[in-house]
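So the structure is just underneath, and the comments pick up after that.
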Protein chains: 2
Amino acid sequence: MSNNQFKRGELYSVINGVASTAVARRLQKNFRNAGLEITIEQWSILYHLWKEDGLSQQELCTRTFRDKASITRLIDNIEKLGLVERIASKDDRRVNLVYLTDAAKPLQEATYNIANQTMNEALQGISKEEIEIVKSVFQRVYENSK
Amino acid sequence: MSNNQFKRGELYSVINGVASTAVARRLQKNFRNAGLEITIEQWSILYHLWKEDGLSQQELCTRTFRDKASITRLIDNIEKLGLVERIASKDDRRVNLVYLTDAAKPLQEATYNIANQTMNEALQGISKEEIEIVKSVFQRVYENSK
DNA sequence: GACATATAGTTAGTTATGCAACTATTATAA
DNA sequence: TTATAATAGTTGCATAACTAACTATATGTC
């Protein structure tokens, strides 16, 4: 089984280890205000594909710490929006590779800007040292709990 | 590289400020192994009622950082299990007060033990000072984001 | 080559979350 | 006093999560 210990662990990499549902909700609202009708969960998938397109669903499980069933349905929904498509791998016919469509590419800059701004606001007044401690504690809690 | 986040504000107050879905899942599993078929979310409601019985749904919203619709349905499910009951307030007829039933009381000690043990394992090697910093950062991120 | 096992992905069932629209009750203001 | 606003809770709709059972393909061992 994959290490899918975190429901939306994705946010971690985005907000420097300081994760909170408050931030997630704020980010979602900012997306919506900008006319971007995607969920944060969907965005987290796109985020990884912008970094590296054509990942397998299994690889997305690993990178986003999600269950494979969750990935299946997230991809289903993003596919319905026309932002990604599944293409069967030629090397291994069990594998689906997930590719961004042309419709997804313009979203990247807009969402990056909104995400960065949201995170900066959330992290105001918090020092780099504190963030490092939070990350370190998270890491050890994770190690202790698996 | 780990990835951590607390799923609900609730967990934050329960596990000494160090929240992670890994701990939540471990806790859930430990509950199940002990024959306690409740979810962590349900348990988080019971936890607050064991500390102070007869809270209103609104008060549970505040204390567990949840939406009132979420509380409505969580209470629905816990009520179906026979662990709590809603009693209309005499002072304000809009208000439901949530009371533990006799069936819920014996669960307290068992779940406390399991929770404490799970938390102690998760927090091994982490100092009180570090935990305080994590709590403080969470609080400030929350304040910055609401 | 054949059989067992591991891996990638899908589907079903249950729980939980958030938003928005709604009802009922209480508080406030004209 | 009456009209309006605020508050407590419920319900409908959509998304997401986890477990477990399932299909299909690959791999490894005899």
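No hydrogens, no waters, no symmetry mates; every other heavy atom, side chains included, goes into these values. Proteins come first, then strands; the chains are lettered A, B, ... in the order of their sequence lines, and each starts at number 1. Note that the structure is a prediction, hence the values are computed from the model and not measured.
- Side-chain N/O atoms of B:R94 and B:S89 include no donor and acceptor closer than 3.5 Å.
- One finds a side-chain N or O of B:S70 lying less than 4.0 angstrom from the OP1 or OP2 phosphate oxygen of C:dG18.
- Taking atom CD of A:Q42 as the reference point, atom P of C:dG18 lies 16 Å away to the nearest angstrom.
- The backbone N or O of A:L49 lies less than 3.5 Å from no partner atom in the side chain of A:E52, so there is not a single donor-acceptor pair.
- Comparing B:R94 and A:I71, the nucleotide of DNA chain C nearest to each residue sits closer to the 5' end for A:I71.
- For D:dG12, its base sits under 3.5 Å from the side chain of B:R73 at one donor and acceptor pair at least.
- When rounded to the nearest whole Å, the span between CG of A:D92 and P of D:dA26 equals 5 Å.
- Shown here is B:K105, whose NZ atom has more than 12 heavy atoms of other residues, nucleotides or ligands within 6.0 Å.
- Within 3.5 Å, no donor on the side chain of A:R93 pairs with an acceptor on the base of D:dT25, nor the reverse.
- A salt bridge links B:R63 with B:E59; the closest basic N to acidic carboxylate O contact falls under 4.0 Å.
- The main-chain N or O of B:I114 is never found under 3.5 Å from a side-chain atom of B:N30 such that the two would form a donor-acceptor pair.
- For the pair B:D67 CG and D:dA14 C1', the computed distance is 14 Å after rounding to whole Å.
- Atom C1' of nucleotide D:dA17 and atom NZ of A:K68 are separated by 15 Å, given to the nearest angstrom.
- In this structure, A:L74 atom CG and D:dC18 atom P are separated by 10 Å, rounded to whole Å.
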Only distances under 3.5 Å count here; give the side-chain donor-acceptor pairs of residues 70-77 of chain A to other protein atoms, sequence neighbours excluded, each with its distance to 0.1 Å.
unit_1, atom_1, unit_2, atom_2, d
A:T72, OG1, A:K68, O, 3.1
A:D76, OD1, A:R86, NH1, 3.0
A:D76, OD1, A:R86, NH2, 3.0

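- Between the A:N96 side chain and the A:A88 main chain, no donor and acceptor come within less than 3.5 Å of each other.
- The nearest whole Å value for the distance from the CD1 atom in A:I40 to the P atom in D:dA17 is 10 Å.
- If you check residues 75-91 of chain A against DNA chain C, the residues with a heavy atom closer than 4.0 Å are A:R86, listed by number.
- A:Q28 comes within 4.0 angstrom of no nucleic acid atom, judged by non-hydrogen atoms across all strands.
- For B:T72 and D:dT11, the shortest distance from a side-chain N or O to OP1 or OP2 is not below 4.0 Å.
- The backbone N or O of A:T118 sits nowhere less than 3.5 Å from a side-chain atom of A:E121 that would complete a donor-acceptor pair.
- Computed from C1' positions of five pairs at each end, the angle between the two local axes of the helix from C:dG1-D:dC30 to C:dA30-D:dT1 equals 20°, rounded to 10 degrees.
- With hydrogens and angles ignored, no donor-acceptor pair closer than 3.5 Å exists between the side chain of A:R32 and the base of C:dA20.
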>> side-chain contact (heavy atoms from CB on, under 4.5 Å) for A:K29 and A:R32? Distances and angles first, verdict last.
In response: CA-CA 5 Å; A:K29 191 172 293 180; A:R32 191 175 305 150; 5.6 Å; no

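- Within the nucleic acid shown, B:T39 comes within 4.0 Å of sugar-phosphate atoms alone, with no base atom in reach, counting heavy atoms only.
- Across residues 54-62 of chain B, not one residue has a non-hydrogen atom less than 4.0 Å from an atom of DNA chain C.
- Which of C:dA20, C:dT26, C:dT17 sits closest to the side chain of B:A69 comes down to C:dA20.
- The ring pair (Phe, Tyr, Trp, His ring centres under 6.0 Å) analysis of residues 94-116 of chain B, with sequence neighbours excluded, yields the pairs B:Y47-B:Y112, B:W50-B:Y112.
- One atom, CD1 of A:I38, and another, C1' of D:dA16, lie 15 Å apart when rounded to the nearest Å.
- Partners of B:N116 by side-chain hydrogen bond (donor to acceptor under 3.5 Å, both in side chains), not counting sequence neighbours: none found.
- The CG-P distance, from B:N96 to C:dA24, rounds to 15 Å in whole Å.
- A distance of 5.0 Å separates CD1 of B:I45 from CG of B:L60, quoted to the nearest 0.5 Å.
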